[in-house]
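Here is the structure we will look at, set down as structure tokens.
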Amino acid sequence: MRFGRVGSADVPTVAPYGSWSSPITIDLVANEGGVAYGYLSVDAEGLYWLESRPQEEGRQALVFLPQGGSAVDVVPAGFNVRTRVHEYGGGAWFHDGSTVFCSNFDDSRLYRIDGPGAEPRAITAEPPSAHGWRYADGRVFAGGGLIVCVRESHGDGEPVNELVVLPTDGSEDPRVIAGGRDFYAAPRPSPDGTRLAWLAWDHPHMPFEGTDLCVGDLAPDGTCTHARRVAGSATESIFQPEWGADGALYFTSDRSGWSNLYVDQDGEVAALTQEQAEIGYPQWVFDLSRYAFLEDGRIACLVTRDAVDGLELYDDGMLTRVDLPYTHLSALRSDGRRLYVVGASPSEPSSLLEVEPAGGFSVVRRSTELTVDDSYLSRPEALTFGGAHGFYYAPKNPGFSAPDGERPPLIVYVHGGPTAHVPPLLQLSVQFFTTRGIAVVDVNYGGSTGYGREYRDRLRGEWGVVDVEDSAAAARYLAERGDVDAARIEITGGSAGGYTTLLALAIRDEFAAGTSQFGVADLVTFHEDTHKFESHYDEYLVGPWPAAMELYRERSPITHADAISRPLLLLQGLDDKVVPPAQSEVIVNALQQRGIPHAYIAFAGEGHGFRKAENQKRALAAHASFLAQVFGFELADDVEPIEIENLEHVAH
């Protein structure tokens with residue numbers, strides 16, 4: 001599918017920014033741009049991947065592409081391959097040859113599927129309470145007879161995380177082989193089945209703050225003994241342990257301040273790369289893959305430099321770049337000769353790629369058949385402002401121009417995490433706005449990844465300070481440069497980005513409006529109510545609990561709710577366990593009491609992020625309607641306006 005032109009490219013229609021007609025419709029953003037790929041695996045039989053499908057209520061389907069054949073679904077219709085471990089999940093499936101093991105999101109049990117189309121058979125018992133036992137990040141060993149994986153048990157008190165072993169036929173209950181630590185990840189049996197490597201860490205740390213890489217002796221029955229730490233500490237983050245064909249244990253570590261590749265050979269740890277770049281990645285989810293082995297001894301690595309990804313080959317102490325026209329890469333795997341990766345760029349949507357290490361690649365599958373006419377594409381401009389970074393997307397539409405002297409509105413987008421970053425890539429949600437005449441800037445504020453640990457640690461103890469100031473600096477920079485209308489700047493974000501949005505509206509003057517998606521409003525109740533995985537994350541971001549409770553109150557948007565005087569849209573999933581609905585509702589109540597313009601839309605059946613296509617459409621339409629009403633322009637789209645309480649208080 002390819003765009004047609006709207007208007008005449010030779011004689012553009014003069015119309016106010018925000019009111020331009022665009023071929024990038026709400027349906028296109030939700031329906032065509034919503035399919036996502038991840039969690040690849042490849043062997044001699046073919047390629048597997050996990051596919052997120054908004055049109056099927058956001059379920060994740062496992063797909064198999066046999067060598068020389070056509071892609072087929074491995075799981076039946078309705079089977080949702082997701083896990084609730086850590087609430088964020090990841091690592092929800094693994095396989096041994098054609099036998100696949102999947103976590104089912106509906107009941108959190110582990111299922112065995114003996115080939116594509118076979119009936120799933122539960123191999124773990126039904127828990128005593130709904131989702132009481134959850135499984136993730138597994139591997140098969142012992143000649144295909146045993147599984148080792150992470151199990152999270154829910155009952156009275158805090159959930160318990162452990163490593164367990166169970167038979168692949170489900171004939172016995174799981175046995176605990178490692179416990180006592182707060183968290184576990186990445187259990188990886190050695191190729192000869194005699195050793196097991198894994199990651200472990202404890203409160204108050206997140207895995208990207210400090211982890212231990214452990215190794216134990218593995219018996220034929222799956223018993224693990226003589227556990228010992230190979231690397232890691234409270235200030236060193238280890239990522240993706242993998243056994244090489246040579247019997248050595250590989251991993252990444254950020255001990256140098258940058259996440260590089262290391263190897264442990266017979267108890268001696270050595271750095272293979274020493275780049276000012278990032279090979280590892282924050283482990284918000286399980287089973288991420290950023291490097292893979294080739295049969296000739298080289299190691300393919302995804303390397304992030306200034307938030308831009310590249311594929312590079314490690315060989316004898318050197319990294320050599322593979323020429324690919326992609327800026328964002330993930331889920332790297334190898335069959336020994338070829339590489340498979342998910343890639344995206346500022347002009348190409350997310351695609352499954354097959355890459356020849358010697359050069360050249362082919363597209364296995366694109367997330368959409370939509371082809372964006374280059375004349376509509378707003379390309380990212382890398383910015384540095386006040387020591388922070390971002391990517392700016394200017395308005396662009398060949399069929400329209402703005403009246404003389406008018407400058408466009410600006411959306412300042414603050415990513416979630418906050419330990420994450422936004423790369424430069426094609427986002428239809430961004431192009432939706434830029435083709436209508438609204439500028440967008442993605443802010444990689446201090447604390448973002450992709451720029452080294454020192455930059456990420458700018459946010460240590462400074463959440464609500466550095467992120468807010470860097471977002472405001474982006475707005476000021478673009479306004480002072482003359483790119484945007486300083487009176488029509490909106491700040492928006494989800495989760496941690498929603499927190500920054502709420503606080504910035506209360507304590508800064510750069511923003512005329514805001515949209516918060518499931519944003520944190522009260523740091524005190526958030527500390528008490530959030531899930532185990534993040535229950536101490538705020539101690540890194542704000543300060544020790546409860547000693548710094550007054551600082552938590554001071555940094556909470558609800559404390560400053562009386563200072564929010566600009567229009568605010570709040571979007572919230574009612575099933576969100578990470579940021580519960582009460583966080584949004586407390587802000588809504590404060591705005592109602594003071595007569596501040598606002599709208600609140602709650603989404604039944606949605607958790608932390610909107611997965612269903614109809615809800616993605618509704619959220620985008622609401623955002624567009626909100627901007628049109630508060631910034632004073634008419635949308636060209638046939639969108640039912642949302643009701644904004646106290647809108648009469650806004651002077652356009």
Side-chain angles (χ1 to χ4, degrees), residues 1-6 22-40 47-56 58-61 63 65 71 302 304 307-311 322-333 339-355 360-382 391-394 396-398 411 413 415 420-436 440 442 494 609-613 616-617 619-620:
M1 179 178 178
R2 189 176 181 86
F3 289 156
R5 291 289 181 96
V6 177
S22 169
I24 302 181
T25 65
I26 291 172
D27 283 343
L28 281 178
V29 176
N31 299 343
E32 297 291 337
V35 175
Y37 303 123
Y39 296 99
L40 279 58
L47 175 67
Y48 292 85
W49 68 84
L50 210 56
E51 187 169 298
S52 176
R53 298 174 177 173
Q55 291 306 306
E56 298 180 26
R59 85 169 177 116
Q60 302 215 31
V63 182
L65 178 64
L302 301 184
T304 305
V308 177
D309 295 331
L311 176 62
V322 177
D323 187 23
L324 290 175
Y326 294 92
T327 54
H328 179 55
L329 299 166
S330 63
L332 178 66
R333 298 292 186 187
L339 301 169
Y340 296 85
V341 69
V342 179
S345 78
S347 60
E348 282 294 314
S350 180
S351 300
L352 280 174
L353 309 174
E354 180 182 294
V355 181
F361 70 95
S362 60
V363 176
V364 177
R365 180 173 285 195
R366 296 173 91 239
S367 60
T368 173
E369 294 306 311
L370 178 69
T371 300
V372 182
D373 189 319
D374 191 68
S375 63
Y376 286 94
L377 271 182
S378 179
R379 304 279 181 157
E381 175 194 355
F391 296 99
Y392 173 63
Y393 299 83
K396 188 176 182 183
N397 188 319
I411 297 172
Y413 176 73
H415 66 71
H421 71 267
V422 184
L425 77 167
L426 177 61
Q427 304 169 78
L428 288 185
S429 57
V430 169
Q431 303 295 326
F432 173 88
F433 288 109
T434 57
T435 53
R436 283 164 175 75
V440 178
D442 283 331
F610 307 144
R611 293 176 176 270
K612 300 177 183 179
Q616 293 174 354
K617 290 164 60 175
L620 181 58

N/O donor-acceptor pair under 3.5 Å between S52 side chain and L50 backbone: no
For K396 and S375, which heavy atoms make the closest approach, and how far apart are they? CE-O, 3.2 Å
Donor + acceptor pair across side chains of D27, T25 (<3.5 Å): no
Less than 4.5 Å apart, any side-chain heavy atom of D309 and any of L302? no
Check whether any side-chain heavy atom of V29 sits under 4.5 Å from a side-chain heavy atom of K617, and report yes or no. no
Test log, rule side-chain contact (heavy atoms from CB on, under 4.5 Å), inputs V355 and L311: CA-CA 10 Å; V355 181; L311 176 62; 4.0 Å; yes
CG (L28) and CG (L620) are apart, to the nearest 0.5 Å, by 11.0 Å
Closest non-hydrogen atoms of L329 and G310, given as atom of the first, atom of the second and distance, are CD1-C, 3.7 Å
With sequence neighbours excluded, tell me which residues meet side chain to side chain donor-acceptor pair (under 3.5 Å) with H415. Y445, S448
What closest approach, in Å, do P380 and F391 show between heavy atoms, and which atom pair accounts for it? CB-CB, 4.1 Å
Under a 3.5 Å cutoff, is there a donor and acceptor pairing between the side chains of S22 and T435? yes
Is there a side-chain contact between E369 and T371 (heavy atoms, below 4.5 Å)? no
Does S362 have any side-chain contact (heavy atoms from CB on, under 4.5 Å) partners at least two apart in sequence or in another chain, and if so, which? E354
Closer than 4.0 angstrom, basic N to acidic O: yes or no for R53 and E51? yes
Does the side chain of Y376 reach to within under 4.5 Å of the side chain of N397, using non-hydrogen atoms? yes
Does the side chain of P54 reach to within under 4.5 Å of the side chain of Q616, using non-hydrogen atoms? yes
Taking every non-hydrogen atom, the tightest pair across A613 and Q55: CB-NE2, 2.8 Å
Could you check if a side-chain atom of Y340 sits within less than 4.5 angstrom of a side-chain atom of L47, using non-hydrogen atoms only? yes
Do side-chain atoms of T327 reach the backbone of P424 as a donor and acceptor pair under 3.5 angstrom? yes
Are any non-hydrogen side-chain atoms of L426 and P346 less than 4.5 angstrom apart? no
Before giving the answer on side-chain contact (heavy atoms from CB on, under 4.5 Å), spell out for F432 and I26 the whole-Å C-alpha distance, their side-chain angles and the decisive distance to 0.1 Å. CA-CA 8 Å; F432 173 88; I26 291 172; 3.5 Å; yes
With sequence neighbours left out, the residues meeting side chain to side chain donor-acceptor pair (under 3.5 Å) with T434 are Q431
Quick one: CG on L339 to CG on L353, what's the gap to the nearest 0.5 Å? 10.5 Å
Sequence neighbours excluded, the answer for ring pair (Phe, Tyr, Trp, His ring centres under 6.0 Å) partners of F361 is Y326
Salt bridge (charged side-chain N to carboxylate O under 4.0 Å, His left out) filter on E348, not counting sequence neighbours, yields R366
Could I get the full list of side-chain contact (heavy atoms from CB on, under 4.5 Å) partners for S330, not counting sequence neighbours? V342
Test side-chain contact (heavy atoms from CB on, under 4.5 Å) applied to Q427 - qualifying residues, sequence neighbours left out: Y393, V422, L425, S429, V430, D442
Gap separating the CG atom of L332 from the CG atom of L40, nearest 0.5 angstrom: 9.0 Å
Would you please name every residue forming a salt bridge (charged side-chain N to carboxylate O under 4.0 Å, His left out) with R59, sequence neighbours left out? E56, D73
S378 to A394 - nearest heavy-atom pair and separation: OG-O, 2.6 Å
Taking the side chain as C-beta and beyond, is there a heavy-atom pair between P325 and S345 under 4.5 Å? no
